[in-house]
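What follows is one structure encoded as structure tokens, with my remarks underneath.
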Amino acid sequence: MPELPHRRRLLVLAICCMSLLIVSIDNTVLNVALPAMQRDLHASTSGLQWAIDAYTLVLAALLMLAGSTADRIGRKRVFMAGLVVFTVGSLLCSLAPDLSSLIAFRMVQAVGGSMLNPVAMSIITNTFTDPRERARAIGAWGAVVGISMAAGPLVGGVLVESVGWRSIFWINLPVGLAALLLTLRFVPESRAPRARRPDPLGQLLVIVLFGCLTYAIIEAPNAGAATVLPFAAAALAALAGLLFYEPRRAEPLIDLRFFRSAPFSGATVIAVSAFAALGGFLFLSTLYLQNVRGMSALHAGLWMLPMAVPTFLCAPLSGRLVGSRGPRPSLLVAGGAMTVSGVLFAAFEAETSDVALFAGYVLFGVGFGFVNAPITNTAVSGMPRAQAGVAAAVASTSRQLGQTLGVAVVGAVLAAGVGASSYRDTFVEAARPGWWILAACGFAVLVLGALTTGAWARRTAERTAGRLESPEVRQAAGTGA
């Protein structure tokens with residue numbers, strides 16, 4: 001892709017950020033609407049989990065396919081297709097007559113969403129070639145998550161209170177249409193010099209792994225062992241199949257050589273941990289504020305601002321910090337803040353005190369604001385540009401898988417603790433193990449941030465990038481071409 005003028009690069013960044021906005025805001029808006037959906041659709045806790053996880057699960061399963069497909073047939077083409085499918089899926093969600101239909105239409109949304117974020121990140125990576133400029137662009141990209149967290153609960157609260165929960169999906173329609181028209185006009189087409197071929201068996205194994213694992217976790221509190229164990233066994237078999245089959249393919253869906261890079265492996269696990277914490281945090285907070293404290297959707301949205309605003313403010317700061325000091329400072333701040341936040345709820349019942357609740361939300365917002373930029377930058381910066389789409393897709397897959405597992409695990413723990421009792425009477429005690437899980441996720445970010453950002457880790461990234469370069473690229477580099 002030819003070098004674009006500075007103004008055009010900023011416009012491309014803005015268009016890509018629009019796609020992230022509608023994908024991200026969809027989750028925060030939906031969380032505020034959960035209690036209203038629960039009443040209207042007569043949904044159980046596991047039903048609410050599926051309303052969220054059906055979306056993130058399909059995203060996680062298809063992101064790597066979307067990234068490699070975009071590298072092969074054209075990033076702009078796949079990006080525009082994703083905008084169309086996501087917008088149509090949003091319209092269908094607003095018309096869903098029951099919970100099963102809503103879950104199905106959320107999956108349609110996710111098919112479109114899978115073509116947006118990793119492809120947009122690949123477009124950004126290939127548009128901003130200077131490392132410092134790219135780090136700042138990724139910081140701005142991460143700030144959009146903060147915007148969605150800040151605007152989502154407020155917008156969702158207003159819409160749920162005034163129009164109804166179905167209207168939360170309408171906000172995607174004008175943004176999706178505007179992004180589609182702007183992409184058609186201003187985003188240049190680009191492809192990888194040598195993209196990998198499709199891997200249908202690898203894709204099928206990924207779908208079986210993610211789907212069966214999520215089902216086993218969500219349904220464990222309600223279904224018997226005879227129902228859950230076959231799905232757990234299928235997930236384990238799919239994992240074993242991936243580990244056996246993928247290294248033997250010349251062009252696999254998941255190039256396991258990526259994980260020889262300590263920074264890349266660390267970023268992947270950090271992404272799973274951080275977004276598991278986010279998914280569980282939003283799920284517990286929304287149900288507590290509305291079902292236990294009895295707040296309206298708008299009031300609950302206002303209470304989420306102490307988490308959303310620091311995320312918005314810290315994301316660009318983290319991007320600049322990564323550009324000037326590397327990923328370690330941001331990851332240490334993120335891990336420390338998220339760990340302390342989880343401990344406040346788990347050990348000191350922060351939700352029972354307004355002051356402690358406020359502090360817990362602020363700390364989590366700071367931590368999550370700092371974590372996104374180093375994940376993305378680490379995932380793509382050590383890889384050859386020709387594999388940027390796949391590397392970004394693995395990072396995005398890790399985020400979505402983490403959020404899926406966070407909602408599944410924390411929701412299952414909550415459902416097992418509450419049982420048939422009232423939320424008001426048992427929620428705080430039932431949620432305590434869930435908060436400890438979220439604290440452990442924060443601690444994993446802290447430890448891995450310290451371990452995988454040193455000099456030895458960078459050397460593993462350099463060796464891995466050298467092995468991943470195609471022979472043509474290595475020959476060109478050796479001849480100075």
Checklist line | For R257, salt bridge (charged side-chain N to carboxylate O under 4.0 Å, His left out) partners two or more places apart | finding: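 Per chain and number, R257 pairs via salt bridge (charged side-chain N to carboxylate O under 4.0 Å, His left out) with D255.
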
Note to self: According to salt bridge (charged side-chain N to carboxylate O under 4.0 Å, His left out), who are the partners of D130, at least two apart in sequence or on a separate chain?
What the structure shows: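 Testing D130 for salt bridge (charged side-chain N to carboxylate O under 4.0 Å, His left out), a comparison that skips the adjacent residues, returns none.
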
Item checked: Distance-minimising heavy-atom pair for A60 and L401 ->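 Shortest heavy-atom separation between A60 and L401 comes out as CB-N, 3.8 Å.
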
Notebook entry, point to check: In chain order, what residues pass the side chain to side chain donor-acceptor pair (under 3.5 Å) check against Y215, with sequence neighbours excluded?
Noted result: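 None.
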
Checklist line | side chain to side chain donor-acceptor pair (under 3.5 Å) involving N31 - partner list, sequence neighbours excluded | finding: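 In terms of side chain to side chain donor-acceptor pair (under 3.5 Å), with neighbours along the sequence ignored, N31 is linked to no residue.
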
Is there a donor in the side chain of [X] and an acceptor in the side chain of [Y], or the other way round, less than 3.5 Å apart?
{"X": "S190", "Y": "R75", "result": "yes"}
{"X": "Q400", "Y": "T56", "result": "no"}
{"X": "E349", "Y": "W435", "result": "no"}

Note to self: Under 6.0 Å from the ring centre and within 45 degrees of the ring axis: does the NZ or CZ of R134 meet both conditions for the six-membered ring of F128?
What the structure shows: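 Judged by the rule (NZ or CZ under 6.0 Å from the ring centre, within 45° of its axis), R134 is not positioned above F128.
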
Check: Can you list every side-chain hydrogen bond (donor to acceptor under 3.5 Å, both in side chains) pair that touches residues 267-283, not counting sequence neighbours?
Finding: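 Output for this query is empty, none listed.
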
Next item on the list: Please list all pairs passing the side-chain hydrogen bond (donor to acceptor under 3.5 Å, both in side chains) test where one or both residues lie in residues 326-341, with sequence neighbours left out.
Entry: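 For residues 326-341, and leaving out neighbouring residues, the side-chain hydrogen bond (donor to acceptor under 3.5 Å, both in side chains) pairs sorted by first residue read S318-S330, R328-T453.
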
Margin query: Under the criterion side-chain contact (heavy atoms from CB on, under 4.5 Å), I'd like the reasoning laid out for C441 against M338: C-alpha separation, chi angles, the key distance, then a yes or no.
Written below: CA-CA 8 Å; C441 289; M338 294 172 75; 6.0 Å; no

Checklist line | Test side-chain contact (heavy atoms from CB on, under 4.5 Å) applied to L10 and R7, step by step | finding: CA-CA 5 Å; L10 292 181; R7 288 179 179 272; 5.8 Å; no

Please answer whether the main-chain N or O of [Y] pairs with a side-chain N or O of [X] as donor and acceptor at a distance below 3.5 Å.
{"X": "Q203", "Y": "A61", "answer": "yes"}
{"X": "T214", "Y": "G211", "answer": "no"}
{"X": "Q403", "Y": "F275", "answer": "no"}

Note to self: For E133, is there an ion pair with R136 - N to carboxylate O distance below 4.0 angstrom?
What the structure shows: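 Here R136 does not pair with E133 in a salt bridge, since their nearest N and O are not under 4.0 Å apart.
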
Check: Relative to the ring of F345, is the ring of F281 parallel (under 30°), tilted (30 to 60°) or perpendicular (over 60°)?
Finding: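 Ring orientation, 0 to 90° scale: perpendicular.
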
Next item on the list: Could you please spell out the steps behind the salt bridge (charged side-chain N to carboxylate O under 4.0 Å, His left out) verdict for R432 and E429?
Entry: CA-CA 5 Å; R432 189 187 300 274; E429 191 61 34; 3.4 Å; yes

